[in-house]
Amino acid sequence: MHDIKFIKKNPSTFDLSLKKRNLKPCSEIIIKIHNKYLDYLNEKQNYLEKKNSLSKLFSQQTEDLDKIKEQVHNLKIKIDELNKLSEEKLNEFNKIMLEIPNLISEKVPDGNSQEDNNIIKEVGKKKKYNFQPKNHLDLAENLNLLDYGQAIKISGSRFSIIKSDLAKLHRGLVNFLLDHNSIKFDYKECIVPELVNYKSLEGTGQLPKFEDDLFKTNFNDLYLIPTSEVPLTNLNRDSIINKKDLPIKYTTYTNCFRAEAGASGKDTKGLMREHQFGKVELVIISEPNESENELSKMTTCVEKILQDLSLPYRMVELCSGDIGFSSSYTVDFEIWMPGQNTFREVSSCSNCKDFQSRRMKMRVKNFDSGEIYFPHTLNGSSLAVGRLLIAILENYQNEDGTIEIPSVLHKYTNGLNIISNDDQKI
RNA sequence: GGAGAGAUGGCAGAGUGGUCGAAUGCACCGGUCUUGAAAACCGGCAAGGAUGCAAGUCCUUCCAGGGUUCGAAUCCCUGUCUCUCCGCCA
């Protein structure tokens, strides 16, 4: 949510940012609606003041009370009218405002699509194979570790059943990632609900605009989370944080659920794009002037994982056409996938500035000065576990189809260091 | 699923029609005292909005939404959530 006062002061800056996202300028109409709202509001407040002062006369005098009653009655009619009008305008205003994406940072490169993203750096050497590397799907199915027939029977497409040593690797990865984040990088580990209410999704920006991407349940109208950014960031919704408690850093592992409404035909099989996937998430609530710094600490945390796992990756700055709704600046991490001969996204780290904190009324108070302001919120994946699994399968494959397990994970896989065929056919 | 109770400031907790944005305690901030600290004492301390250069003035908010009334934290209705007991259950 944007600050209307900012828009009124800087309409052209605001419109320019929208233009970079290929959106139409709208400052003029927003300002117009808001001013109209203020007109109604001020008029209403004047009448309210009159009404209040008339009511107070009752405890002071006893004469002409009927006359006052009548005056109040007349005022109430006007107030009701103006109340309706101002509410209408405010609703109109909010409806527009909630669908406007965040302003993008000056650092964000111009561009229309993924193609225009800026590669910041490429790290790690791509392994050379003296055979044709397979993709994760062939590898895992050959090893009997992934079953799509069963997944389709139980739930349909875009689900999978992970089995045996691959399931153990998945579990080990989750523990490795959570330990990394909480012990080495001081994020507070949490377990959070995977069903959330409307307000929470509005707070982080998924609603009202992206309803189609979400799964809604018939229990209290709760939604399945598309990312644990939603519950983690909303932990401090509608509240005032003591400045001394910043920065607040959370990490969690959850399943994430996405309808993938606009992705038909893309990555239809395999762990790449599923309706349900596991993800470890990082969220930071930071002082406004510290958020850039915090983002770089966050990306360092993610990078360290990729380095520990010796996976070749690149760091990509998203362009104005590709950046998410709530973000002002986003850095993606992509791992080299030899079986697909391309880099694929495994993490996205965003600085949302005060966009989400304004939406969810998360504020910070400096108790020394009394000052109250909106903090910046950041979120990042560390990492999407399914995709990380793909990366390990493809990067650590041997010619015979077996998979080495990276050495940092051995203590998380109870010493298991190679995945070979699971003989059990069930 | 059945029965009952409740939702008030950062927290605890008074308040049952006007003088209530709301007692009191704790926490927090400032001060006195002290070599320093603690204790004690004194003072301050909700949020959002409008307007104004500012000081200030005004409006709104006691879970949410309706209603009664000149006037609602307080009375009535609806909804949501929480708690307790019983049943069921990982």
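No hydrogens, no waters, no symmetry mates; every other heavy atom, side chains included, goes into these values.
Residues passing the ring-ring contact (aromatic ring centres under 6.0 Å, His included) test with F325(A), sequence neighbours excluded: F210(A), F355(A). With sequence neighbours excluded, no residue forms a ring-ring contact (aromatic ring centres under 6.0 Å, His included) with F374(A). In terms of the salt bridge (charged side-chain N to carboxylate O under 4.0 Å, His left out) criterion, E274(A) has no residue partners (sequence neighbours excluded). By the side chain to side chain donor-acceptor pair (under 3.5 Å) test, Y40(A) is found to be paired with no residue, residues two or more places apart in sequence or in another chain being considered. Scored by the side-chain contact (heavy atoms from CB on, under 4.5 Å) test, S113(A) finds E115(A), D116(A) as partners (sequence neighbours excluded). Judged as a side-chain contact (heavy atoms from CB on, under 4.5 Å), and not counting sequence neighbours, the contacts of Y412(A) are N175(A), F176(A), D179(A). Partners of E70(A) under the side-chain contact (heavy atoms from CB on, under 4.5 Å) rule, at least two apart in sequence or in another chain, are N74(A).
In the region residues 228-239 of chain A, proximity to RNA chain B at under 4.0 angstrom, judged on heavy atoms, holds for none of the residues.
Atom CD1 of I240(A) and atom C1' of G10(B) are 9 Å apart (whole Å). Across the protein-nucleic acid pair, I372(A) atom CD1 and C45(B) atom P stand 14 Å apart, rounded to whole Å. In this structure, L222(A) atom CG and U80(B) atom C1' are separated by 12 Å, rounded to whole Å. One atom, CG of D245(A), and another, C1' of G10(B), lie 11 Å apart when rounded to the nearest Å.
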Scoring nucleotides 49-72 of chain B by protein non-hydrogen atoms under 4.0 Å (B base, S sugar-phosphate only, - none) yields BS-------SBS---------BS-
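Comparing the same atom, C1', in G9(B) and in G48(B) gives a spacing of 14 Å after rounding to whole Å. C41(B) and U84(B): their C1' atoms are spaced 43 Å apart (whole Å). Look at the C1' atom in both U24(B) and G13(B): the space between them is 8 Å, to the nearest Å. As rounded to the nearest Å, A12(B) and A27(B) have P atoms that lie 15 Å from one another. When the C1' atom is compared between A90(B) and G79(B), the two are found 30 Å apart, to the nearest whole Å. As rounded to the nearest Å, A46(B) and A23(B) have P atoms that lie 10 Å from one another. With P as the reference atom, C63(B) and C58(B) are 25 Å apart, rounded to whole Å. U19(B) and U51(B) are spaced 28 Å apart, taking the P atom of each and rounding to whole Å.
Comment: E92(A) does not engage K36(A) in a salt bridge, judged by the lack of any side-chain N to carboxylate O separation of less than 4.0 angstrom. Of the charged side-chain nitrogens involved, none lies within less than 4.0 Å of a carboxylate oxygen, so that R158(A) and E260(A) do not count as a salt-bridged pair.
Screening residues 2-28 of chain A for salt bridge (charged side-chain N to carboxylate O under 4.0 Å, His left out), with sequence neighbours left out, gives D3(A)-R358(A). For residues 269-293 of chain A, the pairs satisfying ring pair (Phe, Tyr, Trp, His ring centres under 6.0 Å) are F159(A)-H275(A), F215(A)-H275(A), with sequence neighbours left out.
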Dot-bracket for RNA chain B, 5' to 3', Watson-Crick and G-U pairs with both distances under 3.5 Å, [ ] for crossing pairs, | for partner on another strand, reads ((((((((.[[[..)..(.....]]].(((((.......))))).((((((....)))))).[[[[[..)....]]]]])))))))....
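For the residue pair N398(A) / E404(A), a side-chain donor-acceptor distance below 3.5 Å is found, with atom types taken as modelled.
Among the protein residues, K244(A) comes within range of the sugar-phosphate backbone only, with heavy atoms under 4.0 Å from sugar or phosphate atoms but none that close to a base.
Close to C29(B), at under 4.0 Å from its OP1 or OP2, lies no side-chain N or O of K365(A).
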